[in-house]
Structure formats: C-alpha cells, structure tokens
Chemist: 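Sharing a structure here in structure tokens format.
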Amino acid sequence: MIDLRSDTVTKPSPAMLEAMMRAEVGDDVFGEDPSVLALERKAADLLGAEEGIFCPSGTMTNQIGINVLSNPYEEIICYQGAHIYRYEGGGIAGTSGLSFRLLEGNRGRLSAREIEENINPEDIYYPKSTVIELENTVNKSGGCYYTLNEIKRIYILAQQHGLKMHLDGARLFNALAETGEDPNDYGQYFDTISICLSKGLGAPVGSVLVGHKKWITKARRVRKFMGGGMRQAGYLAAAGLYALENNIDRLKEDHIRAKALGEVLSKCKFIKAVNPVDTNIVIGQLKEGIKMADILAQLKKKGLLAVPMSTMEIRFVTHLDFNDKNLTQAIKILKDFS
Ligand SMILES: *Cc1c(COP(=O)(O)O)cnc(C)c1O
C-alpha cells in the first residue's frame, strides 16, 4: 500500500531509532532532560530565536504560541483555511478565548494590505486585534509558500499597529527548500514560531515552539496546564534532533515527486484541475458528479491512499517513506484512470 494521506505517516528509520535508543534522558518537567534541552536549543538557534519548548504536537505549539501572545476577548487575524481555525477542534476559542478575523488571501497567503484592512480600530465596539497568524506552507490550499520579503512587509505593518506575529511553520522547511532562504532569518519577524518534527522531517512525535525568551518562559506554564509536560521525553527529542540534522536537506526530493504525481493526476478522467504543486502537497479538484468516496475506494483497491481535503478536493502528500520506486507504482495506478 502506498500511503499518501499525509506526511505524518512516516515511521522512524533504523538510524533514527538508534539515535532514540541511545538518548540520554531525565525528567523534563524538572528541566533535567539533556536531549530535550539540546533539541530546544538547536531549534531556537536554527530559526534565529532565543528559546524553544518541545511539545507533543503542532496543535499544542500553535495553541500555546497564540495563548502567550493574547488575552481573552481579543481577535486573531488569519486565513479562513488556517489549521488553527479548521483543524484544531476549535481550540483557540477555548484555550485563548479569541475571536477570528478570517481572510481569503492569495491561496491562503495573506498580504500586508489585506491584513491592514482588517485591523479593528480602537473602539469599544470591536474586539482588539492582537495577533497575526501566518501558515507556511499553506496546507489547505496545496502547500504554497511565502517569501521572506512578503513576511517582512507584514512584520512592518504589525510593528506599526502593535500586533504580535505567530507562524504555523508545520512545513516551514518545505517552504525554505524552495525559496533557498536561511531559516535563521525567520526568528526576527515572529514572536513565536511552531515547527513540526513529525511531518516531512520524519520524526514519530513532536513539535517545537520557538520565540523570544519571555514568551517561551510563559509557554512552559501554559504547556503544563494543557497537560503537555512530559517526563523522559528525550527519547522523542532525540528523534527530533536526528530529523533536524538529517532530514531537512532531502525535502526537495519530495517536491519533485509531488510535481510528477500532480502531472499524472491532472490527466485522470475524474479530475477537473490540479492546484499548482509548489511543495509536497498535491490537491486535485474532482469533476462535477464524481463521488469522492468512490474514487478513494477505487484508489485504495489498487494500493494508493489519499484523503479528501473538502467534498470535491482530493489530497496526496509526498514524504520521506515515498521513494522513486513508489512514485513509479503510484503513477502506474493513476494512469489506469486516464
Ligand atoms: C499538521 C499540522 C499542524 C499540527 O498538527 P499536529 O498533528 O497536531 O502535530 C499544524 N499546522 C499545519 C498547517 C499542519 O499541517
């Protein structure tokens, strides 16, 4: 079975497992796990941030990042398809008590201009606009990415209006594989950045939130009350360290395979159009009258797994456990539908 439902389906490689088995560990709630401390240091340094905090999931790092930057009754500005809005179980409303200002963007990428039009004036009628949240790459629209120049413009606007910036960088390294920009340049533009180790980077579990020291100090308290304080978490952190050291440089491969897959998909009879393939996510729009469940079942029968992204959008994601041999096989399966 070729599993392209998500880049979260990867399993640790033998070398990653070995790194995990060798990990030095301690009680991380006491701040005594050397592997967790090393991962937090490495992630912060890599992204040009002061400090980092290791958490079980990207949902938690997003929830914590936004929580430390805001107060209840305030408003967060983001894309209407943002993960924090669509796929985190409504968490922001509960954990931070914020209202959402949802924008369309250009395939989910917000511009400084669109954001500026949606910052509330200082008036007791309106919730106070507090945080701008960007997602890079943008999952829902098919993995498109920002350039640092666009982000810089948004940062300048945020500075002018006293707004905070959070980045959902679940797939930030996929974006950087395309732009060639230095991750170290990112830290200066965001108060908090969440990165996932368990997506394209191939670790079994974990995300890191990085940012200014004052935010990460606050984040330790929030992580605790959310139940995210883990004990000998160094076994997991070691996988994350291995991922950051070994699995960033190869991401471009996933993008090349995704492009090849997108081309073949566009010729399938059940497909109307395929979104531009910018990184490792391929989204195809089904023709009218085609039933998603039928297509998914037929693909599965032939050995290929995908997921629905909406009622008429099918998604394939390439990843570390999908090699050229798998690609040839997946192309063969899709060609049966052309
Ligand atoms: C996967 C993902 C997350 C975090 O998901 P977890 O499964 O909680 O780790 C956050 N944002 C985006 C855009 C994602 O794709």
Side-chain angles (χ1 to χ4, degrees), residues 49-51 53 55 58-136 138-141 146 149-170 186-194 209-228:
E50 279 177 359
E51 285 193 6
I53 179 169
C55 293
T59 298
M60 190 179 279
T61 41
N62 278 336
Q63 294 289 322
I64 295 175
I66 290 161
N67 181 277
V68 300
L69 300 179
S70 64
N71 296 298
Y73 302 100
E74 294 176 344
E75 192 157 272
I76 183 164
I77 299 171
C78 69
Y79 167 46
Q80 58 87 4
H83 195 278
I84 56 160
Y85 174 62
R86 295 240 182 186
Y87 305 114
E88 300 190 2
I92 300 292
T95 58
S96 297
L98 302 181
S99 62
F100 280 98
R101 184 67 150 256
L102 300 171
L103 310 187
E104 200 47 53
N106 168 14
R107 296 181 62 217
R109 284 164 305 193
L110 310 183
S111 67
R113 185 165 166 198
E114 191 181 6
I115 293 170
E116 187 163 28
E117 287 165 1
N118 285 282
I119 297 171
N120 285 332
E122 278 291 331
D123 183 323
I124 58 162
Y125 276 93
Y126 304 116
K128 183 172 158 38
S129 303
T130 300
V131 183
I132 299 168
E133 191 260 5
L134 307 180
E135 196 174 295
N136 198 15
V138 187
N139 177 14
K140 178 89 173 111
S141 67
Y146 288 84
N149 259 335
E150 295 167 313
I151 287 173
K152 211 180 291 180
R153 259 179 241 127
I154 296 171
Y155 168 78
I156 291 168
L157 175 76
Q159 292 296 104
Q160 286 164 353
H161 291 265
L163 300 190
K164 305 286 195 305
M165 300 261 289
H166 173 77
L167 177 68
D168 178 351
Y186 261 73
Q188 62 189 307
Y189 298 118
F190 291 94
D191 294 279
T192 47
I193 300 176
S194 158
L209 182 74
V210 303
H212 302 317
K213 184 176 186 326
K214 86 168 163 184
W215 303 130
I216 301 305
T217 301
K218 207 171 160 193
R220 292 195 185 278
R221 180 182 292 276
V222 179
R223 183 184 66 175
K224 192 74 186 85
F225 80 59
M226 284 184 181

Chemist: Rounded to the nearest 0.5 Å, how far apart are CZ of Phe225 and CD1 of Ile64?
Modeler: 8.0 Å
Chemist: Do Glu74 and Ser96 have side-chain heavy atoms sitting under 4.5 Å apart?
Modeler: no
Chemist: Would you indicate whether the side-chain heavy atoms of Leu110 and Leu134 approach each other to under 4.5 Å?
Modeler: yes
Chemist: Flag the pair Tyr189 / Ile154 as yes when at least one side-chain heavy-atom distance between them is below 4.5 Å, and no otherwise.
Modeler: no
Chemist: Report yes if the side chains of Ile92 and Gln63 come closer than 4.5 Å at any heavy-atom pair, otherwise no.
Modeler: yes
Chemist: Can you spot which of Asn118, Ile132, Ile76 makes a side-chain contact (heavy atoms from CB on, under 4.5 Å) with Arg101?
Modeler: Asn118
Chemist: Report yes if the side chains of Ile115 and Leu103 come closer than 4.5 Å at any heavy-atom pair, otherwise no.
Modeler: yes
Chemist: Is a donor from one side chain sitting under 3.5 angstrom from an acceptor on the other, for Asn139 and Arg86?
Modeler: no
Chemist: Any donor-acceptor pair under 3.5 Å linking the side-chain atoms of Glu75 with those of Ser99?
Modeler: yes
Chemist: Going by salt bridge (Lys or Arg N to Asp or Glu O under 4.0 Å), name the residues that satisfy it together with Arg109, two or more places apart in sequence or in a different chain.
Modeler: none
Chemist: Going by the rule ring-ring contact (aromatic ring centres under 6.0 Å, His included), which residues pair with Tyr126 if we only count those two or more places apart in sequence or in a different chain?
Modeler: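 None.
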Chemist: Does any part of the side chain of Leu167, heavy atoms only, come nearer than 4.5 Å to the side chain of Ser194, both counted from C-beta?
Modeler: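 No, side chains not in contact.
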Chemist: Can you name the residues that form a side chain to side chain contact (heavy atoms under 4.5 Å, CB included) with Arg221, not counting sequence neighbours?
Modeler: none
Chemist: Would you confirm whether Ser129, through its side chain, and Asn120, through its main-chain N or O, come within 3.5 Å as a donor-acceptor pair?
Modeler: yes
Chemist: Checking Glu116 side chain against Leu157 main chain: does a donor-acceptor pair fall under 3.5 Å?
Modeler: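 Not a single qualifying donor-acceptor pair exists.
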Chemist: Is a side-chain donor-acceptor pair under 3.5 Å present for Tyr186 with Asn136?
Modeler: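 A donor-acceptor contact under 3.5 Å links the two side chains.
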Chemist: Does the Glu135 side chain pair with the main chain of Asp168, one donor and one acceptor, at a distance under 3.5 Å?
Modeler: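 It does not hold such a pair.
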Chemist: Any side-chain heavy atom of Glu50 within less than 4.5 Å of one from Trp215?
Modeler: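 No, too far: nothing below the 4.5 Å cut-off.
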Chemist: At what distance, to the nearest 0.5 angstrom, does CG of Asp191 lie from CG of Leu163?
Modeler: 10.0 Å
Chemist: With distance as the sole test, does Lys164 use its side chain to make a donor-acceptor pair with the main-chain N or O of Leu69 at under 3.5 Å?
Modeler: no
